[in-house]
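To keep things clear, I will list the structure first and then write my remarks on it.
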Amino acid sequence: ILNVEQSPQSLHVQEGDSTNFTCSFPSSNFYALHWYRWETAKSPEALFVMTLNGDEKKKGRISATLNTKEGYSYLYIKGSQPEDSATYLCALYAGGTSYGKLTFGQGTILTVHP
Amino acid sequence: SAVISQKPSRDICQRGTSLTIQCQVDSQVTMMFWYRQQPGQSLTLIATANQGSEATYESGFVIDKFPISRPNLTFSTLTVSNMSPEDSSIYLCSASPGYNQPQHFGDGTRLSIL
């Protein structure tokens with residue numbers, strides 16, 4: 001059983017603050033790392049798919065980094081806005097016979113206060 | 001990117017009954033997945049549904065409880081059978097074009113069992 005862990009479990013920040021959270025995974029099982037944003041009553045929305053050690057991806061105010069050797073990824077949000085409030089999920093694709101199968105972390109619940 | 005329509009969006013069911021959840025994709029996809037999120041838990045994969053073969057279930061999930069159909073490349077159903085309050089969860093379907101591409105999710109089915 002793969003162990004994908006996210007921290008913190010929840011986070012409250014003020015509008016305009018920058019924030020970051022962590023996804024840890026077993027480095028020996030790495031093929032790809034996904035980040036999703038899941039707003040209440042909506043479907044999870046893909047943010048990034050990262051496959052290369054040292055990769056850094058950016059989408060607007062959100063960016064992510066990846067360290068496959070030590071088994072972690074960071075997600076950063078610059079200048080948080082109330083609409084960034086959501087659960088942020090990371091998921092590991094570990095390869096093998098289950099093509100496309102993802103193992104999700106428990107998520108980080110972000111609340112941005114106006 | 002694929003758009004997935006999932007129905008029903010929510011339901012309240014009686015103990016011992018069964019409910020079938022449907023997912024329709026607007027394009028042909030090889031892999032579809034069914035997930036569950038119990039309160040306070042991470043997204044957990046129930047099974048992988050590939051067209052033309054039987055679904056592959058994860059540990060802890062069995063076909064008698066969660067029968068899945070995948071009659072073609074754009075449609076899948078998940079049935080939650082003989083429901084109990086422990087089955088109260090959000091159920092999500094997703095479609096994946098490949099491990100290095102993001103998964104596309106339905107909006108989820110919020111299921112409550114009385």
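Throughout, a chain's letter reflects where its sequence line sits, starting with A, and its residues are numbered from 1. Every heavy atom of this structure was used, including side-chain atoms; hydrogens, water molecules and symmetry mates were not.
For A:Q9 and A:T108, the side-chain atoms include no donor-acceptor pair closer than 3.5 Å. Inspection of the B:Q24 and B:D26 side chains reveals no N or O donor paired with an N or O acceptor under 3.5 Å. Checking B:S69 against B:T77 by side-chain atom types alone, a donor-acceptor pair falls below 3.5 Å. Side chains of B:S76 and B:W34: a donor-acceptor N/O pair is present below 3.5 angstrom, by distance only. Looking at B:N72 and B:T74, their side chains do bring a donor and an acceptor atom within 3.5 Å of each other.
Within 6.0 Å of CD on A:E15 lie more than 12 heavy atoms contributed by other residues, nucleotides or ligands.
Residues of residues 106-114 of chain B lying under 4.5 angstrom from chain A, judged on non-hydrogen atoms, are B:G106, B:D107, B:R110 in numerical order. Residues from residues 37-44 of chain B that place a non-hydrogen atom less than 4.5 Å from a non-hydrogen atom of chain A comprise B:Q37, B:G40, B:Q41, B:S42, B:L43, given in numerical order. Contacts with chain A (heavy atom to heavy atom, under 4.5 Å) involve no residue of residues 79-87 of chain B.
Contact of B:I90 with chain A is made through the side chain alone, with heavy-atom distances under 4.5 Å. Only the side chain of A:W38 comes within less than 4.5 Å of a heavy atom of chain B; its backbone N, CA, C and O stay farther away. When heavy atoms are compared at a cutoff of 4.5 Å, A:L89 approaches chain B solely by way of its side chain, counted from C-beta outward.
Here the two rings, on A:Y36 and A:F48, have centers that are 6.0 Å apart or farther. Aromatic ring centres of B:Y57 and B:F66 lie farther apart than the 6.0 Å criterion allows.
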Exercise. Output, in order, the C-alpha distance, side-chain angles, deciding distance and verdict of side-chain contact (heavy atoms from CB on, under 4.5 Å) for A:K57 and A:S63.
Key: CA-CA 5 Å; A:K57 298 216 172 184; A:S63 60; over 6 Å; no

Quiz item: Can you check side chain to side chain donor-acceptor pair (under 3.5 Å) on A:Y76 and A:E56, steps first, answer last?
Solution: CA-CA 11 Å; A:Y76 300 92; A:E56 181 169 344; over 6 Å; no

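Listed by chain and residue number, A:Y72 satisfy the ring pair (Phe, Tyr, Trp, His ring centres under 6.0 Å) test with A:Y74 (two or more places apart in sequence, or in another chain).
Ring geometry, B:Y35 versus A:F104: the interplanar angle exceeds 60°, so the pair is classed perpendicular (tilted spans 30 to 60°).
Note on A:K101 versus B:E58: salt bridge recorded, some NZ/NE/NH1/NH2 to OD/OE distance being below 4.0 Å.
Using a 4.5 Å heavy-atom cutoff, the side chains of B:F33 and B:L45 are in contact.
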